[in-house]
There are 2 protein chains.
Amino acid sequence: MEKVNFRTQVLTRHLLNNDHRGTTATAGISTSPCLSYTPPELSSKPFPFDVNSMRKLMDGHNIEDRDWLFNLMIQSNLFNPKLRGGKIFVVPDYNQSMEQQREITMKRIQYLLDHGVFEGWLTGKGFDAEMRKLALLEVIEIFDHSLAIKIGVHFFLWGGAILFFGTKRHHDKWLKASEDYHIKGCFAMTELGHGSNVRGIETITAYDSKTEEFVINTPCESAQKYWIGGAANHATHTVVFSQLNIDGNNQGVHAFITQIRDGDGNICPNIRIADCGHKIGLNGVDNGRIWFDNVRIPRENLLNSVADVSADGKYLSAIKDPDQRFGAFMAPLTSGRVTIALSAVYSTKISLAIAIRYSLTRRAFSITPNGDEVLLLDYPSHQRRLLPLLAKTYAMTFSGNYLKLLYVKRTPQLIKTLHVVSSALKATLTWHNMRTLQECREACGGQGLKTENRIGQLKGEFDVQSTFEGDNNVLMQQVSKAMLAEYVAAKRRNKPFKDLGLEHMNKSCPVIPSHLTNSTLRSAQFQGYQLAEDLGRAYSDRLILQTFIEAENNVTDTPLKEMLGLIRSMYVLVTLDEDVAFLRYGYLTVEAAATVRREIVKLCAEIRPHALSLVSSFGIPDAFLSPIAFDWVAANSWSN
Amino acid sequence: MEKVNFRTQVLTRHLLNNDHRGTTATAGISTSPCLSYTPPELSSKPFPFDVNSMRKLMDGHNIEDRDWLFNLMIQSNLFNPKLRGGKIFVVPDYNQSMEQQREITMKRIQYLLDHGVFEGWLTGKGFDAEMRKLALLEVIEIFDHSLAIKIGVHFFLWGGAILFFGTKRHHDKWLKASEDYHIKGCFAMTELGHGSNVRGIETITAYDSKTEEFVINTPCESAQKYWIGGAANHATHTVVFSQLNIDGNNQGVHAFITQIRDGDGNICPNIRIADCGHKIGLNGVDNGRIWFDNVRIPRENLLNSVADVSADGKYLSAIKDPDQRFGAFMAPLTSGRVTIALSAVYSTKISLAIAIRYSLTRRAFSITPNGDEVLLLDYPSHQRRLLPLLAKTYAMTFSGNYLKLLYVKRTPQLIKTLHVVSSALKATLTWHNMRTLQECREACGGQGLKTENRIGQLKGEFDVQSTFEGDNNVLMQQVSKAMLAEYVAAKRRNKPFKDLGLEHMNKSCPVIPSHLTNSTLRSAQFQGYQLAEDLGRAYSDRLILQTFIEAENNVTDTPLKEMLGLIRSMYVLVTLDEDVAFLRYGYLTVEAAATVRREIVKLCAEIRPHALSLVSSFGIPDAFLSPIAFDWVAANSWSN
């Protein structure tokens, strides 16, 4: 609807400008000094396929819920609406101090709560509730990463810990109260001294059978909880990850519920809290540090789905092996990697929609003397910069949808697959996002640096994604390790591959350098091998293509199918071209590689006329893009 | 000196901690829960070469002036000194609003002015004055990019325009007044509608022979001056770039001096000024927009080194061809590209010094059960991430020094060479900086996102470099175009190559795909060709290597020479490995490429023990690094 209104405005403006545009169109820049804005809708071909169908295919689910939430945000002044060039844009004011950004973020959460956005996020059961929650979180991400992360910490980390690590007694007591924000939760796992290596955390918890309480301690400075979102200002409760010491035996990492603030926001006794300070992004999230000084909590506050301690202090667990217990604790945390991967794709879409719309209205240099200047996207070099990234973003959208379903429909048998797929896609999609943001920022020139134009700001806001919830490089090494272990194991037991997405290897055996043996895998030096990187990337690229093809196969609409075919070809050829491994390991000859490159240039020219329709299919309302995506001359006029 | 003090502090702390460190050293993490900080100076080998000599070799000149200015900044509270972990760090407070950052930046300039930093920056003559100015600007960059850019706009753009485009009457009137900041200058070239394509600017100036005045106009919104540093708040005068219209003939782009504010900061009549708003970095620079409404200036305000207008309105120029006149105007602006390239290298050094020092004190995961966790830089993957970038930074330092001398000693004959070299190095060195900042940010994990740790913040502050003073991609296309044009021309006139750094091609003719002819060069499609990118990069890589070898040849100190040899090998092999063109065009076989990769891993292991000495040679005082580069446990302790 908003698009229709926009198109009408555009046509009116066009008719009014008609004379003037006539002159610029016919005469050269040197004789007619005035540039004017021509909406890409007028200079582009009519959409060759149904944009709404394409949007439905990509967003995948809960379309109406998404649009409802978009409008909910547009309607409130809390979301900082600004009129620029005759259009409203909602975007946070990043010129606010960290303290101001934190307060407005909390107010926005209250507004969303009051309007029922979070209904069923923790108490809802089943597939539909889960999908609605994920759809709405994606929409929130499109407005502001801080807002989404602060909500994600409360519902996915705090709430998820209660759901997955807790049992009925915890669910009854905490879930509804959390969903209604009667309590605000945070998630105290990372410490100053230990991030990726959770096993190494130093916080210690002992059990006092006299009082039937656990006693939590921060034994040294490196054990202080660090980066805890929500801890600095707002959280009232936290899940504490700690070594559990029973009668002098360390039973490994366990999770406990601890209150850190009272209802009035006063910090509880024996708790010390400090701020993590200003960051290059996400300043709407109040990351804090926590110290525990003999903090006593009731025995019932141990989240005991995996292990428990009896009133008289006996350690009880169905899982004897501490390693397996640790694994059981970590498994549910894949939700973090899933939502990160999904949000990365939407951030990519924002930047491509803005940069491509701008490249369809911004001209630079003329080819003929006194001729009109050329639209940026009509330069082969500009097409080569943006259109392959556009194709990759489509492909990654489908892999994101696949990951989402794999997560929501997960079974115990598929936990390992989910771990590998979510690790591979979290790393690949977030790297793609950062790369695309940088390319789009540069493609917009200086305008890409203006905070109001979003792209540059998104770089700072999303940079965290490549290292939190698992450093991307470490995750990719885990993926490669799993691949090679599976390979070696399957060869040993002489059974076909299954579950990990290696089934295609049952047909033909891939060439893997002989020096990579099982023992190599176990050595630390393994991490130095280039092949580890290549293998993880190859796995992701293949997985993404597979999900693309599956999505394509379900499409019946012919124009849609044809467009997807073009984009798939671009994705495959660009992947072949960018992954040096194909040349490096001799899978591509020099001649073949050259042919691939030439074909990519052709595909750029073929996709160019559809660039506008392809970004219009992202389903992001104009108000969530930025001034340079529309009439940037009017947006910068003196009267504005 | 500061380093010595630090080493002493360190040793003392070490002796006090000795018992405690003993336990962690011997027992594993699981039994001894406390991490402690061990200074890399203690865990690293003694410096194998003289760090001060290496620093002198790299900084190249005015060492004492640099240290004087470093200390000048450390001594003033204006530079926001903070005590963290027992050490003082000076770094701007980026949690301040744009308005606050602009005001403190102006105060810092006043402080530097009062202490004589700018003496001779515009009135000084000769080599020594020029080199002192460049050295001090590099030091200022190390503290804050905003401060350096605001100073650079005033001295290099405004001051440079007066020096190069003006004549005696302008020099006498403006240079000393500018050096003393009695007037504050800015540089109004870029417009909303035209950035890279300066020829296309739309501002129009006519001449009124009755009053002997020029009349400047902004004919439309797209002609508003945009991104003008200093215009939003502080500048009193500007150089205006405008089409000059004489009797209806457009004589092309010329430069005029115009006052925009009076001494009290009030905007002058017929001038309108607006703000460019918040940016993702450089918020200490007040970028503004300017409109001119029949602004009248005296005839003498035309900067007339290239062309003049007589009192009765005759256009006079020694250069008849407008294209050549335009070129004459642009040539001196290379100073911008030179200073950008130089500052990019120092930004890279800050991030590498911090990330490598951190990787020598931060541990993650243990290889053996209950064994000590491993230092980040002892992981081959971490060495592979950082050490090649370290080697490249050394190489680019030498190319920067070469560029600096080429600029300071420039002659009319070498203007074209200077244009090509400065374009190639500006693009290559700024891309290297952004890539290194991102890699170092991720290598530091979450700590890389904390503003106080500088690396992440530098990304936002320096991002602008890849597009201002010429978009990197456009610059590289110009380099490639110059190379190929020179190649075609030399072949046609059958004379050897000279001046452009192609002399090596006089010996053997390089393989260039046959379809690249002279006519191809002139077509816009040329810009689509991959080879254009490859060629520009190849030229830069070779140039950088050449400057490295020349610097190396002048070194007599044996340990220094040996270390440089190692670094040179790393630079060459990593360049061979990263530039796909070698495989793509068949210059490297698959086997050779594999050998190169293996050799790089070996070199990583050989350079690893010297990592600390290599970053210690950057000559950046501890106070300009960040807390994670030193005792980050103490810096984060509750008491801090």
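Below, read A as the first sequence line, B as the second, and so on, with proteins coming before strands; counting in each chain starts at 1.
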Taking A:Gly195, A:Gly448, A:Cys276 one by one, which has the highest count of heavy-atom pairs under 4.5 Å against chain B?
-> A:Cys276
A:Asp577 bridged to A:Arg384 by N-O distance under 4.0 Å = yes
Region of B:Arg199 that comes under 4.5 Å of a non-hydrogen atom in chain A = neither
With a 4.5 angstrom heavy-atom cut-off, which part of B:Arg441 approaches chain A: side chain, backbone, both or neither?
-> side chain
From CG (B:Asn95) to CD (A:Gln101), nearest 0.5 Å = 8.0 Å
One option among B:Gln96, B:Lys279, B:Arg362 has the most heavy-atom pairs under 4.5 Å with chain A, and it is B:Arg362
Counting distance only, does the side-chain N/O of B:Ser242 pair as donor-acceptor with the main-chain N or O of B:Thr203 below 3.5 Å?
-> yes
Bottom line for A:Arg289: the part with an atom under 4.5 Å from chain B's heavy atoms is side chain
Side chain, backbone, both or neither of A:Ile455 within contact of chain B (heavy atoms, under 4.5 Å) = neither
Ion pair check, A:Asp579 and A:Arg584, cut-off under 4.0 Å | no
So which of A:Gly446, A:Gly445, A:Ala274 has the biggest tally of heavy-atom pairs under 4.5 Å with chain B?
-> A:Gly446
Side chain, backbone, both or neither: which part of B:Trp638 has an atom under 4.5 Å from a heavy atom of chain A?
-> both
Find the one option among B:Val633, B:Val580, B:Leu192 whose heavy-atom pairs under 4.5 Å with chain A are most numerous.
-> B:Leu192
Would B:Arg272 and B:Asp293 pass as an ion pair if we require N to O under 4.0 Å?
-> yes
Heavy-atom distances under 4.5 Å only: say whether B:Leu458 touches chain A with side chain, backbone, both or neither.
-> neither
Which portion of A:Asp471 sits near chain B, non-hydrogen atoms under 4.5 angstrom = side chain
Under 3.5 Å, is there a donor-acceptor pair linking the side chains of A:Tyr94 and A:Asn283?
-> no
Heavy-atom side-chain contact between A:Tyr585 and A:Asp534 under 4.5 Å = yes
Can you find a side-chain donor-acceptor pair between B:Glu221 and B:Trp291 that sits under 3.5 Å?
-> yes
In terms of heavy-atom pairs under 4.5 Å with chain A, which of B:Leu583, B:Val590, B:Asn636, B:Thr467 leads?
-> B:Asn636
Scored by heavy-atom pairs under 4.5 Å with chain A, the best of B:Lys450, B:Gln457, B:His278 is B:His278
Would you say the side-chain atoms of A:Gln100 and A:Asp93 include a donor-acceptor pair closer than 3.5 Å?
-> no
With only heavy atoms counted, which part of B:Phe468 is less than 4.5 Å from chain A, the side chain, the backbone, both or neither?
-> neither
Checking heavy atoms, do the side chain of B:Gln447, its backbone, both or neither come under 4.5 Å from chain A?
-> both
Salt-bridge test for A:Arg84 and A:Asp631: reply yes if a basic N is under 4.0 Å from a carboxylate O, no otherwise.
-> no
Of all of B:Glu591, B:Arg385, B:His382, which one pairs up most often with chain A through heavy atoms under 4.5 Å apart?
-> B:Arg385
Between B:Ser639, B:Cys604, B:Ser196, which shows the greatest number of heavy-atom pairs under 4.5 Å with chain A?
-> B:Ser196
Sort B:Gln224 into side chain, backbone, both or neither according to what part of it lies under 4.5 angstrom from a heavy atom of chain A.
-> side chain
Salt-bridge criterion met for A:Arg435 and A:Glu578 (N-O under 4.0 Å) = yes
